[in-house]
There are 2 protein chains.
Amino acid sequence: MEPVDHFRGFLKKNGLAFTSARAAILKGIVASRGHFDADALHEQLKRVGESLSCATVYRTLPLFVQSGIIKETLRSKGRARYEPAWGLEHHDHLECVACGRIIEFRDDELERLQDKVCQRHSFRPVEHRLGIRGYCSECGKKGT
Amino acid sequence: MEPVDHFRGFLKKNGLAFTSARAAILKGIVASRGHFDADALHEQLKRVGESLSCATVYRTLPLFVQSGIIKETLRSKGRARYEPAWGLEHHDHLECVACGRIIEFRDDELERLQDKVCQRHSFRPVEHRLGIRGYCSECGKKGT
DNA sequence: GATGAGATTGAGAATCACTCGCAAAATGGA
DNA sequence: TCCATTTTGCGAGTGATTCTCAATCTCATC
């Protein structure tokens, strides 16, 4: 199913309207492959002629999170960041503190162990975030 | 070694002064066992008669992080949160989305696997944060 | 113990990401 | 088409954090 169809279904189920602003934002999300923040998304939309108020962008992002189209990731420089999630497997992040590069990885064993930890504490997980900060291979070479 | 001695050493090594404000904040940190945020720390200090400007608290916390006395943890409600780290083992967090309770846990196998992931990507880790959000045993019982 | 260069502090203004309030406009089921 | 309901844009408001800068404190050195 296409994200847009899923999103329409989500809106209808919740008595919300599918507006042109929401359509535009969804297009922006799909276009921006990879991580983005509210401001970057707003800028990108402006570039393609879709000028929405930034309040609308901020107001709409949670809907996309709730519907599973995107998910919030580690915030950086005080800004909430997002990444597409629709149809993608869960993964975690390595974040280079020197160059800012973000490397995604997935490790099933790691996932399994986390579930075990939750069981041990009778904890029902909803989501988790693992972020490892350090130096990527490039920056690691350059010293310190 | 006591935290205060370690901290003095850290300051000297960096050409910084050991001031009464910093001593007071350190005392506050030690007193507040467990997680805290800048505002809570400021309030606590005020309660014991140490009235520092909140700018000073904000300015000083990074020094304690750098020196390894505390570390930043998952932020909550838009606030940066910290926990004591001096002399304590690393651990990760389960965070209840219903009641806000934070459960600490440690799993060596999990740590080991993360190192493996880093090796696989030639990534030199500096720190990592794993936060699992969900429902704790108490809140899980109450439904949904 | 006095001195001075440099570090630190307080108070309030400034930032910055984000949210709110409200009137005007868009949506969509009947 | 009509209208109750939802959205939007704008600008003002928030709340955490940071900055500015003059006054104050530290501490190595004298």
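It should be emphasised that the depicted structure is a prediction, and the values quoted were computed from it without experimental measurement. Within every chain, numbering begins at 1; the chains are lettered A, B, ... in the order of the sequence lines, protein sequences first and strands thereafter.
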key: Greater than 12 external heavy atoms within 6.0 Å of B:Lys71's NZ   = yes

query = Is a side-chain donor or acceptor of B:His42 paired with a backbone partner of B:Val57 at a separation under 3.5 angstrom?
reply = no

ask   = Does A:His90 offer a backbone N or O that forms a donor-acceptor pair with the side chain of A:Arg106 under 3.5 Å?
value = yes

Interatomic distance, [X] [atom1] vs [N] [atom2] [rounded to whole Å]:
X: A:Lys12; N: C:dT27; atom1: NZ; atom2: C1'; answer: 12 Å
X: B:Leu63; N: C:dT9; atom1: CG; atom2: C1'; answer: 13 Å
X: B:Arg79; N: D:dG15; atom1: CZ; atom2: P; answer: 10 Å
X: B:Lys77; N: C:dC18; atom1: NZ; atom2: C1'; answer: 17 Å
X: A:Phe64; N: D:dT7; atom1: CZ; atom2: P; answer: 12 Å
X: B:Arg75; N: D:dG15; atom1: CZ; atom2: P; answer: 16 Å
X: B:Asp39; N: D:dT18; atom1: CG; atom2: P; answer: 14 Å
X: A:Asn14; N: C:dG28; atom1: CG; atom2: P; answer: 14 Å

In terms of side-chain heavy atoms of [X], which of [options] is nearest?
X: B:Phe18; options: D:dG9, D:dC27, C:dG10; answer: D:dC27
X: B:Ala21; options: D:dT6, D:dG11, C:dT9; answer: C:dT9
X: A:Ser53; options: D:dC19, C:dG29, D:dC10; answer: D:dC10
X: B:Ala17; options: D:dT6, C:dG29, C:dA7; answer: C:dA7

query = Which residue, B:Leu11 or A:Arg59, contacts DNA chain C at a nucleotide closer to its 5' end, judged by nearest heavy atom?
reply = B:Leu11

Is the distance from OP1 or OP2 of [N] to the nearest side-chain N or O of [X] less than 4.0 Å?
X: B:Tyr58; N: D:dT17; value: yes
X: B:Arg22; N: C:dT9; value: yes
X: A:Ser20; N: C:dA26; value: no
X: A:Thr19; N: D:dT6; value: no

Pairwise side-chain contact, B:Ile70 with B:Glu83, heavy-atom cut-off 4.5 Å (strictly under) = no

ask   = Is the shortest heavy-atom distance from the side chain of A:Phe123 to the side chain of B:Ile103 under 4.5 Å?
value = yes

message = Judged by each residue's nearest nucleotide on DNA chain D, which is more toward the 5′ side, B:Arg8 or B:Cys54?
response = B:Cys54

